[in-house]
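The figures here come from the full heavy-atom set of this structure, side chains too, leaving out hydrogens, waters and symmetry mates. Labels below follow one simple rule: chain letters A, B, ... track the order of the sequence lines, proteins then strands, and each chain is numbered from 1.
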Amino acid sequence: MTTAPTTHTSPEPGAPRHFIRQLIDQDLAAGKRDGQVITRFPPEPNGYLHIGHAKSICLNFGLAKEYGGRCHLRYDDTNPAAEDVEYVDAIEADVRWLGFDWGHHHYFASDYFEALYGYAVELIEKGLAYVCDLSAEAFKDYRGVPTRPGTESPSRNRPVAENLDLFQRMRAGEFADGQYVLRAKIDMASPNLHLRDPTLYRIKRIHHHRTGDQWCIYPMYDFAHGISDAIEGITHSICTLEFEVHRPLYDWILDHISVPCHPQQIEFARLNLTYTVMSKRRLLNLVREGYVSGWDDPRMPTLCGMRRRGYPPAAIRTFCETIGVTKYDSMTEMELLEHSVRAELNRTSLRRLAVLDPLRVVITNSEDAERHVVEAVNNPEDETAGKRPVAFTSEIYIDRADFAEEPPPKYFRLAPGKSVRLRYAGFLTCERVEKDAVTGTVQTLYCRWDPPEAKVKVKATIHWVSASASACAEVRLYDRLFTVADPMDDPERDYTELINPDSLRVVQARVESALAEAEPGEAFQFERVGYFCVDAKDSRPGAPVFNQVVALKDSWKPGKT
RNA sequence: UGCCGGAUGGUGUAACGGUAGCACAGCAGACUCUGAAUCUGUUUGUCUAGGUUCAAAUCCUAGUCCGGCAACCA
């Protein structure tokens, strides 16, 4: 265990002083908890992590690192009905991938079941909890509504000894599921519904992913969470805004039992991103209904989806710092995330030539252009990335978008009679256009080639690929998953009706031959097109599959004068 | 019409009684063997009404609007 040094200011002075950092600064200045900062990331293993969780992960692990403390990974596995080991492994992989390390501080709330039981007994002994025989349905009426106080349960004044006996028998499995619950005895008239004798334990005969059938009673979140925090010595228990009304209960529980410390719950606003949905339930639905290929579909806002898409973890971390931390709801534009991704990939990715929509070009003066090897820069942002040879032949492909039979104003690319520069490989002048007699589609361009020394006056450079010395590749192009910025905002239509039918487009591209052997997960910039990542699942040596990470920005607009 | 929280450009945020700043997006330009990157410039903002103060995004009062809360979910 690491004991944090007593630092009274954050070692990251450049970072924005969002309210949680300010709060911690104050706590440290006041000498609270010996100047320690111990946080935790507490996922429930019932689904995959998404970019919203990344905000929480970056916050919790980031704060711990910043203040020289530590962050625990703890599974909130108190409801076996929804939880599964499948998710435990996936969550760990995602947190690691994001770049964080919990060391040996890897816990499960289920590790504390025995301790939790003991604290429940303590509460009963103090007359602060009772076994209630009201059904969930029945208690609904007793609880009352926000504007009206509730009614006390008939079980409320059950003697301590009887409560103790009943609770012990609940554990022993003498009762049916739902027959009894353990309740905190707080205040049925409280304006905060969570204080109206909340359930602490329920009977559930469900196999738990870790404790098996050892228990048939399981603690509720509100009871388990704060105590787990206290057991682990958490100093700042950071959660999302909807738990704000739970805080009085969090504090009540810790105030009435003999725990070693009383962590402070702090709430922040969860992340909302445009053109996607973020709830586990809806994400699960997208998977189950086949709208996407799985949790790791590159269109999903899940961390595994983003990993497969090719988003660098560093970009996600930068993004999470950029969006800040506040207490009010907001909707962050996807463009901000994409900006972080482009910035990172621009810095790090190797450049390659690839033609997504190939148009055949025959070089007419082929004696000059038969077969050259040109030298291409691997990454202009990083000199150490070096250069590579690229084959240039008398028959090449260019992108259809780079030729216009009738060029609009300010179109700088290839057109009949016009010239362009070929990236790293001289110049092309279009002499003749061959079209399909029936459809009128342009089939082949016949062009004259001039070497780089020719210094032909051109206003554009286009990318290309040799026809013979290139490879075929499947390229998956992605667009937003939904057609509207906030799919949950339309009361008239279900979010599934707003799914973008064109969010995935698959094309057969021609790529530099070296790309055929690229490693899964490797990301490249296809010059002038975008960033692309070798698909980790479907790509094979010799039969590569690329996922579009994000397109390059394109300031060219046809209508522009 | 109960309780809790909140409100700064199109979006995300900063300013903690003293010049409303930054980033994204947009627009315009410079540069360019990527119409990328980079650089420059620029449009747009303190929810409303009162009050305190030499001075208010910031403090006070009232209102408006938004979010959350009535699982044996987390």
- Task: Check the angle between the aromatic planes of A:Phe243 and A:Tyr221 and answer parallel, tilted or perpendicular using the 30° and 60° thresholds.
- Result: tilted

A:Tyr328 has its side chain closest, among B:C73, B:A36, B:U13, to B:U13

Open item on the list: Regarding B:A71, can its base be found pairing with the side chain of A:His194 as donor and acceptor, where the two atoms are less than 3.5 Å apart?
Closed with: no

Checking B:A74, B:A36, B:C33 against the side chain of A:Arg423 (C-beta onward), the nearest is B:C33

Query raised in the report: Does any N or O donor sit under 3.5 Å from an N or O acceptor when you compare the side chain of A:Glu335 with the base of B:U11?
Result: no

Only one of A:Phe108, A:Phe113, A:Tyr75 passes ring pair (Phe, Tyr, Trp, His ring centres under 6.0 Å) with A:His208, and that residue is A:Phe113

Checklist entry - Between A:Lys204 and B:C73, is there a side-chain N or O to OP1/OP2 distance below 4.0 Å? => result yes

Exercise. Under 3.5 Å, is there an N or O donor on one side and an acceptor on the other linking the side chain of A:Arg413 and the base of B:G35?
Worked result: yes

Establish, yes or no, whether the cationic atom of A:Arg352 lies under 6.0 Å from the six-membered ring centre of A:Phe524 and within 45° of the ring axis. no

Worksheet entry | Phosphate OP1/OP2 of B:A25: any A:Lys553 side-chain N/O under 4.0 Å | yes

Closest to the side chain of A:Val245, out of B:A71, B:U34, B:C4, is B:C4

Tested for side chain to side chain donor-acceptor pair (under 3.5 Å) against A:Asp229, the lone hit among A:Arg74, A:His72, A:Gln264, A:His236 is A:Arg74

Using Watson-Crick geometry (N1-N3 plus N6-O4 or O6-N4) or G-U wobble (N1-O2, O6-N3), each under 3.5 Å, B:G29 is paired with B:C39

Under 4.0 Å, counting only non-hydrogen atoms across every strand here, what does A:Thr274 touch: a base, just sugar-phosphate, or nothing? nothing

Whole-Å distance, A:Glu321 CD to B:G12 C1', equals 13 Å

note: A:His53, atom NE2; B:A74, atom P; distance rounded to Å ~ 14 Å

Check your understanding: Given the P atoms of B:G21 and B:U46, what is the spacing between them in whole Å?
Key -> 13 Å

Looking across every strand, which nucleic acid part, if any, lies under 4.0 Å from A:Leu241 by heavy atom: base, sugar-phosphate, or nothing? nothing

Side chain to side chain donor-acceptor pair (under 3.5 Å) test vs A:Ser110 passes for just one of A:Thr78, A:Thr211, A:Asp77, namely A:Asp77

Given the 90°-from-0 boundary between syn and anti, B:A71 should be labelled syn

- [ ] Rounded to whole angstrom, note down the C1' distance from B:A20 over to B:A62.
- [x] 26 Å

If you look at every strand shown and take non-hydrogen atoms under 4.0 Å, does A:Glu44 touch a base, only sugar-phosphate, or nothing?
sugar-phosphate

- Can a donor-acceptor pair be found between the side chains of A:Tyr48 and A:Glu86 at a distance below 3.5 Å? yes

**Prompt:** Taking only N and O in the side chain of A:Arg421, is any of them less than 4.0 Å away from OP1 or OP2 of B:G35?
**Reply:** no

>> So, OP1 or OP2 of B:U13: does either fall under 4.0 Å of a side-chain N or O from A:Ser330?
In response: yes

From the list A:Thr461, A:Val458, A:Val420, side-chain contact (heavy atoms from CB on, under 4.5 Å) with A:Phe427 holds only for A:Val458

Notebook entry, point to check: For atom P, what is the distance between B:G67 and B:C73, given to the nearest Å?
Noted result: 27 Å

| query | Under 4.0 angstrom, heavy atoms only, what part of the nucleic acid is A:Leu273 near: base, sugar-phosphate, or nothing? | reply | nothing

Separation of B:G12 atom P from A:Tyr275 atom OH, nearest Å, is 14 Å

For B:U61 and B:C3, measure between their P atoms and round to the nearest Å.
-> 16 Å

Please state the P separation for the pair B:U48 and B:U42 - nearest whole angstrom. 26 Å

What's A:Thr326 touching, base or sugar-phosphate or nothing? Going by heavy atoms closer than 4.0 Å. sugar-phosphate

- Query: Expressed as a whole number of Å, how far does the C1' atom of B:C66 sit from that of B:A71?
  - Reply: 26 Å

Select base, sugar-phosphate, or nothing to describe what A:Gly178 touches, counting heavy atoms under 4.0 Å on all strands.
base

Does B:A15 have OP1 or OP2 under 4.0 Å away from a side-chain N or O of A:Gln22?
yes

Check the phosphate of B:C24 against A:Thr322, side-chain N and O only, distance under 4.0 Å to OP1 or OP2. Yes or no? no

How is A:Phe319 classified with respect to the nucleic acid when contacts are heavy atoms under 4.0 Å: base, sugar-phosphate, or nothing?
nothing

Notebook entry, point to check: Using atom C1' of each nucleotide, how far apart are B:U11 and B:G50 to the nearest Å?
Noted result: 32 Å

(Q) Counting the atoms with a prime plus P, OP1 and OP2 as sugar-phosphate, which does A:Tyr180 contact under 4.0 Å by heavy atoms, base, sugar-phosphate, or nothing? (A) nothing

Closest to the 5' end of RNA chain B, once A:Arg528 and A:His18 are matched to their nearest nucleotides, is A:His18

Please determine if a side-chain N or O atom of A:Arg148 lies less than 4.0 Å away from the OP1 or OP2 oxygen of B:A70. no

Judged by nearest nucleotide, the residue sitting upstream toward the 5' end of RNA chain B, A:Arg247 or A:His339, is A:Arg247

- Message: Just N and O in the side chain of A:Arg143: are any of them under 4.0 Å from OP1 or OP2 of B:A71?
- Response: yes

Do A:Glu267 and B:G5 share a donor-acceptor pair, side chain to base, under 3.5 Å? no

### Query
Hey, does the side chain of A:Lys557 come within less than 4.0 Å of B:C27's phosphate (OP1/OP2), counting only N and O?
yes

Can you tell me, in whole Å, how much space there is between the P of B:G41 and that of B:C54?
-> 39 Å

Open item on the list: By the 4.0 Å heavy-atom rule, please label A:Ala136 as base, sugar-phosphate, or nothing.
Closed with: base

Check your understanding: Just checking, is any N or O donor in the side chain of A:His225 or A:Arg40 under 3.5 Å from an acceptor N or O on the other one?
Key -> yes

(request) Just call it for A:Asn192: base, sugar-phosphate, or nothing, with non-hydrogen atoms closer than 4.0 Å on any strand. (result) nothing

Phosphate-side-chain proximity, A:Thr199 and B:C72, N/O vs OP1/OP2 below 4.0 Å:
yes

Paired to B:G45 by Watson-Crick or G-U wobble criteria (both distances under 3.5 Å) is none

Should the pair A:Arg171 and A:Tyr117 be classed as cation-pi, given the thresholds of under 6.0 Å to the six-membered ring centre and 45° from the axis?
yes

Whether A:His463 contacts B:U34 is assessed here as follows: a side-chain N or O lying under 4.0 Å from the phosphate OP1 or OP2. Is that the case? no

